[in-house]
There are 2 protein chains.
Amino acid sequence: MEKPYRVGVRMPKIRSKGSIIDNGMSQADKKARKLSLEALEAALEAAEPQKALKSRITLDGSALRVGLREFDLKKLTGIYVVGGGKASGKMAETLESILGSQISRGIVNVPRNSGPYRTRAIKINEAGHPIPDISGMEGAREMLDVLSHLKESDLVLCLVSGGGSSLMPLPRGEVTLDDKQWITDALLRSGAPINEINTVRKHISGLKGGWLAKTAFPATIINLILSDVVGDPLEFIASGPTVPDSTTFSDAIRVLKLHGLWRKTPPAVKNLLLMGEKGLVPETPKENDEAFGNAYNVLVGNNRVSTSGAYANLQDAGLNCILLTSSVEGEARHVGTVLGSIAVEVENSGHPLPRPCGIVVGGETTVAVSGSGKGGRNQEIVLSSAMRIHGIEGVAVASFNTDGIDGPTNAAGAVADGKTLARSEKQGMNAKGFLAQNDSYNFFSRLGDLIFTGPTGTNVNDVSVIVLTT
Amino acid sequence: MEKPYRVGVRMPKIRSKGSIIDNGMSQADKKARKLSLEALEAALEAAEPQKALKSRITLDGSALRVGLREFDLKKLTGIYVVGGGKASGKMAETLESILGSQISRGIVNVPRNSGPYRTRAIKINEAGHPIPDISGMEGAREMLDVLSHLKESDLVLCLVSGGGSSLMPLPRGEVTLDDKQWITDALLRSGAPINEINTVRKHISGLKGGWLAKTAFPATIINLILSDVVGDPLEFIASGPTVPDSTTFSDAIRVLKLHGLWRKTPPAVKNLLLMGEKGLVPETPKENDEAFGNAYNVLVGNNRVSTSGAYANLQDAGLNCILLTSSVEGEARHVGTVLGSIAVEVENSGHPLPRPCGIVVGGETTVAVSGSGKGGRNQEIVLSSAMRIHGIEGVAVASFNTDGIDGPTNAAGAVADGKTLARSEKQGMNAKGFLAQNDSYNFFSRLGDLIFTGPTGTNVNDVSVIVLTT
């Protein structure tokens, strides 16, 4: 079997491509592939927590700048670090490299086995993901302990990234981790939209829905967010620990009833929500709460930062470029067909851009699984694109998940060109059949066209590029 | 109920928009709507058979130019006109307005009740569509009669457009219309791809698969094509009456066996195919046939001509523009989501274009119907876009079928803006539910946002535009 491509910031660039390039590829095809993979590397580099964070935090003498705010270290009585998420370990490392011994105390929850991370002042606490566990809960409780006795002259830096919600579970009152998990699962299965799910989650949590900011008050808290949610809605990223909650206990009860779950709801959850409705336990902090006067949210990275990295890379390579969107949604295979259709138009009419050109798209698509194969949304985007660009000379489509894991596979994505379909047919594969079976992984695996990065330590969703050379 | 928009080349522009504009729309919203509808009008105008044909045929003294070829009228012994399709009536009218009494004889098949068309030399023969009928068959036979005794100095102009395949049925040998219809239906139901369906069709037809050109030989035949197939594959448009056939009787038998239809195939069809395989009846004309040395295909219009019309219109209005593709395919609602995602990006980052801007997309999407509602692919594109652009100021998405009929409805398409969702909620409608039910028609009907053109007499598929104003 042929060796797959590797896209990796610190790895040799595009390893193993030599094993494939004799497979009927023209010089133009090879060039298009190379450019598309280099663009993805640039996308990954731009999404690196280190780079993202360093652009938002600087220390100059005793002047500490975080986002748009400036602090005088001499006037701060303490700097505390909390947070959780897939990228929060790397964010913590970076923060320490900037602030060093200025950090008074810190703890961040990271996915088990994602490290090691080199930190001294900030404790790295491994926790369960995507299924929350006791360790995550203990870490979350420690965070609240750290924040609960601060002064106005203290500064809290919160490091939040994708997965933060499951990594920082803190059931409120008598509610257990199991109860919380049951509620989340039941709501997901019921097809409830994310804002309704979050309405319930926030009301059974001691950290989400603004509680973290409330606890830190009167200290200043700055939430440094690496966003993995399309459109970056602050309330949804890690369920908004530093953002006012606009929903109520009554809303949470209504959601559970609406989806026919109220009768099956665990007693501890029911009790908490009913007591809350009667005003016997405090509501989540609302917009007029004084705590939010001292709470700030700074977006350190998101999909646009990453797609812009790919865009800049292609421009530097001398291509005509557009960044089509960093908010793409929709079923992966249809998004792939649209991308392929754009390449077809470039070939036929020079629209939307004349060759040589690159088109960059980012966001998060979905896959409605109906087959029994193995694959991911990026691999499906590339497979359906491959069917559309079939026969075009000097074209490549590459797509990957910036976290390095596309669907339940060990690949980050895949790459294809105008001869991919012909090559697959030579190997007795029917692209349409593989797509129907959601078996994009095996399709690209056999062609040696999977992209591997390993876990990247960041997550700003997916980036796709189409390149057409001259 | 509010009156719907009307987009029509010869109708007052955007009628009835006054009835809607008080519904919470800002000046920017109104402007975006107006620009998007005007762009669709320009798209329709560019796709008009009259305009399309006139740009390809000119008569200057005795010099007749058709596409790239030039003929001296004095040297031609006769000009004959044949053809069929949804736009072929208007094409015939236009041709007569150019050539008048120079036309020796002609007959074109048009859909029943699509006229009237003002012609004298060219006989307009109404026929069944989409179900072929006897009248269509008689017309097709007359065409072959007209062409079967021509001289080298004769010129044949063939007017082909969408629907031509059903409008010019000519079963070969003992095969009946019913047999042909049964075969087409059975192959469609079996999920056979279009090239396999055409392989069989061509081998049981006396006109398709190159036979028309073969019959006209030694005269010169020029096929003037208004294409309704994405990518304009000449072999697929009206099953290629003037294009060499690359498939064989054996291929046709193989296709029927492959899809488990051979045993049920009508005896007359079986006989014909088996006799053909044994060489007892002639194969369809192949590439090396001398007839194709005298046969030319001229594309007079297609989706790109139409989308380019919209593009030019938006540019003239001072907008930044891209024509993204004229070959879009995919499930309508996901294509709509992608279009909406591009508008979101313009709003958030000024990519791919800064405001004011217009994005044009053409092609033919599909709808996998699962609900019991009423709608069409363009209406679904607009509905899913509306959900994505919700809340954006000064944006409009409009999409329509250039033939004036979107799905099984009397509307051509629909238009939406950033407040469409809010307005629909006020009326107690849930956009997501309407989309799930494939009920886009009733959704837009209640908002007064359907686009009506009536039958346009042309067909180059769908055109969508997004406009964002300043």
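Predicted, not measured: the structure shown is a model, and the values here were computed from it. Reminder, nothing fancy here: chain letters follow the sequence lines and each chain counts from 1. Heavy-atom basis, side chains included; hydrogens, waters and symmetry copies ignored.
Between A:R304 and B:E345 there is a salt bridge, since at least one side-chain N of the basic residue sits less than 4.0 Å from a carboxylate O of the acidic one.
Contact residues of residues 351-370 of chain A toward chain B are A:H351, A:P352 (heavy-atom distance under 4.5 Å). Along residues 316-329 of chain A, the residues that come nearer than 4.5 angstrom to chain B, judged on non-hydrogen atoms, are A:I322, A:L323, A:L324, A:T325, A:S326, A:S327, A:V328, A:E329 in order of number. Residue-level contacts of residues 334-344 of chain B with chain A, in order of numbering, are B:H334, B:V335, B:T337, B:V338, B:S341, B:I342, B:V344; threshold 4.5 Å between heavy atoms. Contacts from residues 376-395 of chain B to chain A, taken as heavy-atom pairs separated by less than 4.5 Å, involve B:R388 in sequence order.
Using a 4.5 Å cut-off between heavy atoms, A:V230 contacts chain B through its side chain alone, with no backbone atom that close.
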